[in-house]
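First comes the structure, then the notes that go with it.
Below, chain A is the first sequence line, B the second, and so on; all start at residue 1.
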Amino acid sequence: MTAIHLHNTLTNRLQPLDPVHKGEVRMYTCGPTVYDFAHIGNFRTFVFQDVLRRFLQSRKYRVLQVMNLTDVDDRIIQKAAAAGVSIREYTEKYVQAFLQDMDALHLEVPEELVRATDHIDDMVALIERLQKKGLTYSSEGSIYYSIAKFPHYGRLSKIDLAGMKTGLRVDVDQYEKENARDFALWKAPKPGEHFWETRIGPGRPGWHIECSAMAMKYLGDTLDIHTGGVDLAFPHHENEIAQSEAATGHPFVRLWLHAEHLIIDGEKMSKSLGNFFTLRDLFAKGHKPSTIRFLLLSVPYRRQLNFTSDSLKQAESSVARLRNFVSRLKVEQFPAGSSAEILKRAEKAETDFDAGLAGDLNTAMALAAVFDLVRDINTAMDRGEFLQQDAPRVVATMEKVDAILAVLVDDDDDKLAKLGFGQSQERMPAERIETLIEERNAAKKRRDFKRSDDIRQQLADSGIIVEDTKDGSVRWKYK
RNA sequence: GGCGCGGUACCCAAGUGGUAAGGGAGAGGUCUGCAAAACCUUCAUACGCGAGUUCGAUUCUCGCCCGCGCCUCCA
């Protein structure tokens, strides 16, 4: 098996995965700030993280993934106050929405999905450790981290501090800081704002401390992998390193992985440009969860993904090709027997798929391996060279790759229905469909094509596509 | 300005120091009562531009141009 290599932002090169604990990968993946519905760009990163964990599992690693839910920050405090509800009450809605969205996209639930506000004590303890080491200072009730005291500051994002002057007052945060880049570990409460009464005083946590505290609580001082979107590399992840390593004296993370952004029609997604989409916006427009998942994972994570209506169409067609293939394998009847060649071919597909992912999660390469197999087997079937006993083997290959891709099972309607995007009409039950197909078969037999086509049309009107195959069997699928 | 990612066919997108994977769309064909699916053929003398290294570069080096992002709590 090809050794797994991943691009480490810290060193800017491909490095082998080398877990601290044998057979187990511990990773921290930056999750959403739950002040609103997550948008499609967020999910680009989350799908990447999901593909990563699924791939590691396919390599038989135990995966211990921690994902944070940032449920306290300026926006949340403001919005909750404006709505006249508690922070918890305000964020709960979006936490639930996030879980539903995850489910719709087949994102596996991390082993630990943790809320910042449940870990205030852990953050306070970590801040105290930093205080004891003399790395912090207080100003107007807030506590800051003095980056001048952390020699490696800037290593991840390659930010050069040499040109920066200390003592300059830069009023970016309406707080007093010694250095513009110093960041708040703990923020003094503002009048009327929600705050926590703690050993280090009243207030609320700064943004970065939650990730350091929760990551180390669940994963230990040194994590194997930490991921997030590229925008988080600075300052968020840089600050996490400073906090964590200064506190423990150990390297915080072995591999830093950053997903490039998704852009829309070549432009940054933003509310002001009017090209801002949540998952639900896309569902409402009739796009399927599987289409979106496929599109998000089809472009390797370190490459910007240009999200367009055309790319959505292409993704939908690609998924259909894969699903048609599996359906054909399951329904069509082939000559009895089995062939060593086909078995080898299936094995090769699995190997190539795996090798593609092993090379920094090159999903484009991995998908090519799958499509190569699809074409070759389809060709064999058309030529009558494909044998019945091989069908389950090839299906198994497809199931294996789908353990990572997670787009083959056609549950789009179910997922949409769960979110309230179901079609207006009830789905025709499978039994009824089978009955109609039998009727149609009978009609075909007596060459009553008028009747036969009427039934096909009737089914089509109910959103069911009927396909005749060479061997006389009929397969159907929901549109 | 600093840091980072990228510029490959109509679109999306791999890749290698020795002559361009895969998907989508298009065109033609096969199969078929019809339809769909599928298959076959076709679709980049060419990989942003210029120079260099080399027997040979899309792949290495240098310079330039262009796009996008980060450098102000945005994945």
Side chain to side chain contact (heavy atoms under 4.5 Å, CB included) partners of A:S473, counting only residues at least two apart: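 Testing A:S473 for side chain to side chain contact (heavy atoms under 4.5 Å, CB included), a comparison that skips the adjacent residues, returns A:V331, A:E332, A:T469, A:D471.
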According to side chain to side chain contact (heavy atoms under 4.5 Å, CB included), who are the partners of A:T9, at least two apart in sequence or on a separate chain?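 With neighbours one apart ignored, the set is A:L156, A:W256, A:H258.
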Under 3.5 Å, is there a donor-acceptor pair linking the side chains of A:D461 and A:Q457?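 Yes, a side-chain donor-acceptor pair sits under 3.5 Å.
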Side-chain donor-acceptor contacts of residues 361-379 of chain A below 3.5 Å, not counting sequence neighbours, with atom names and distances?
residue : atom : partner : partner atom : Å
A:N362  : OD1  : A:A364  : N            : 3.3
A:N362  : OD1  : A:M365  : N            : 3.0
A:T363  : OG1  : A:L297  : O            : 2.7
A:D372  : OD1  : A:R375  : NH1          : 3.4
A:D372  : OD1  : A:R375  : NH2          : 3.4
A:D376  : OD2  : A:R345  : NE           : 2.7
A:D376  : OD2  : A:R345  : NH2          : 3.2
A:N378  : OD1  : A:R328  : NH1          : 3.0
A:N378  : ND2  : A:V374  : O            : 3.3
A:T379  : OG1  : A:R375  : O            : 2.8

Would you indicate what [X] reaches in the nucleic acid, counting non-hydrogen atoms under 4.0 angstrom: base, sugar-phosphate, or nothing?
| X | value |
| --- | --- |
| A:G356 | nothing |
| A:T469 | nothing |
| A:N42 | base |
| A:V370 | nothing |
| A:K313 | nothing |
| A:R440 | base |
| A:G228 | sugar-phosphate |
| A:H208 | nothing |

[X]: partners by side chain to side chain donor-acceptor pair (under 3.5 Å), with sequence neighbours left out:
| X | result |
| --- | --- |
| A:R53 | A:Q65, A:E108, A:E111 |
| A:H236 | A:H208, A:E240 |
| A:R155 | none |
| A:D281 | A:T278 |

Distance, rounded to the nearest Å, where [X] contributes [atom1] and [N] contributes [atom2]:
| X | N | atom1 | atom2 | answer |
| --- | --- | --- | --- | --- |
| A:R328 | B:rA37 | CZ | C1' | 7 Å |
| A:E260 | B:rC74 | CD | C1' | 14 Å |
| A:N275 | B:rC68 | CG | C1' | 13 Å |
| A:F353 | B:rG22 | CZ | C1' | 13 Å |
| A:L367 | B:rG15 | CG | C1' | 15 Å |
| A:L373 | B:rG22 | CG | P | 14 Å |
| A:F277 | B:rA75 | CZ | C1' | 17 Å |
| A:L69 | B:rA75 | CG | C1' | 14 Å |

Should the pair [X]-[Y] be classified as a salt bridge under the 4.0 Å nitrogen-to-oxygen rule?
| X | Y | value |
| --- | --- | --- |
| A:D448 | A:K444 | no |
| A:R393 | A:E350 | yes |
| A:E467 | A:K477 | yes |

Under 6.0 Å between the ring centres of A:Y94 and A:F37?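 Close enough - the centres of the two rings lie under 6.0 Å apart.
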Step through it carefully: locate the ring centre of A:F98, locate the ring centre of A:F46, and say whether they are under 6.0 Å apart.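 Here the rings of A:F46 and A:F98 have centres that are less than 6.0 Å from each other.
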Flag this pair as yes if the NZ/CZ of A:R75 is under 6.0 angstrom from the six-membered ring centre of A:Y35 and inside a 45 degree cone about the axis; otherwise no. yes
Summarise protein proximity over nucleotides 26-31 of chain B in one line of letters, 5' to 3': B for base, S for sugar-phosphate only, - for none, counting protein heavy atoms closer than 4.0 Å. ------
Inter-nucleotide [atom1] distance ([N], [M]), Å rounded:
| N | M | atom1 | answer |
| --- | --- | --- | --- |
| B:rA25 | B:rA20 | P | 25 Å |
| B:rU8 | B:rG67 | C1' | 15 Å |
| B:rC10 | B:rG26 | C1' | 8 Å |
| B:rC55 | B:rA13 | C1' | 32 Å |
| B:rG48 | B:rG33 | P | 49 Å |
| B:rC66 | B:rG23 | C1' | 27 Å |
| B:rU45 | B:rG4 | C1' | 35 Å |

Report, one pair per line, the protein and nucleotides 10-14 of chain B atoms (nitrogen or oxygen only) whose separation is under 3.5 Å.
residue : atom : partner : partner atom : Å
B:rC11  : O2'  : A:D310  : OD2          : 3.3
B:rC11  : O2   : A:Q314  : OE1          : 3.4
B:rC11  : O2   : A:Q314  : NE2          : 2.9
B:rA14  : OP2  : A:R303  : NH1          : 2.5
B:rA14  : O3'  : A:N362  : ND2          : 2.8

Does A:I263 or A:N324 map to a spot on RNA chain B nearer the 5' end, using the closest nucleotide for each?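 Closer to the 5' end of RNA chain B: A:N324.
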Could you name each residue pair satisfying salt bridge (Lys or Arg N to Asp or Glu O under 4.0 Å) that touches residues 299-310 of chain A, not counting sequence neighbours?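 For residues 299-310 of chain A, and leaving out neighbouring residues, the salt bridge (Lys or Arg N to Asp or Glu O under 4.0 Å) pairs sorted by first residue read A:R302-A:D360.
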Among residues 375-388 of chain A, which contact RNA chain B at a heavy-atom distance under 4.0 Å? A:R375, A:N378, A:T379, A:D382
Measuring to OP1 and OP2 of [N], would you say a side-chain N or O of [X] lies under 4.0 angstrom away?
| X | N | value |
| --- | --- | --- |
| A:K268 | B:rG67 | no |
| A:R75 | B:rC74 | yes |
| A:R321 | B:rC39 | yes |
| A:R302 | B:rG4 | no |

Pi stacking test for A:F371 and B:rG22: under 5.5 Å apart, planes under 30°: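 Aromatic stack with B:rG22 absent for A:F371.
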Test for a donor-acceptor pair under 3.5 Å between the base of B:rA75 and the side chain of A:R44, counting only N and O atoms. no
Please determine whether any donor N or O and acceptor N or O are separated by less than 3.5 Å between the side chain of A:N12 and the base of B:rG4. no
Can you say whether the rings of A:Y145 and A:F183 are parallel (under 30°), tilted (30 to 60°) or perpendicular (over 60°)?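 Parallel.
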My validator wants the stems of RNA chain B: runs of 3 or more consecutive Watson-Crick or G-U pairs, both distances under 3.5 Å, written as range with range.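 In RNA chain B, stems of three or more pairs: B:1-7 with B:65-71, B:10-12 with B:22-24, B:26-30 with B:38-42, B:48-52 with B:60-64.
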Around atom CD of A:E434, are there more than 12 heavy atoms from other residues, nucleotides or ligands closer than 6.0 Å?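 Atom CD in A:E434 is crowded, with more than 12 foreign heavy atoms closer than 6.0 Å.
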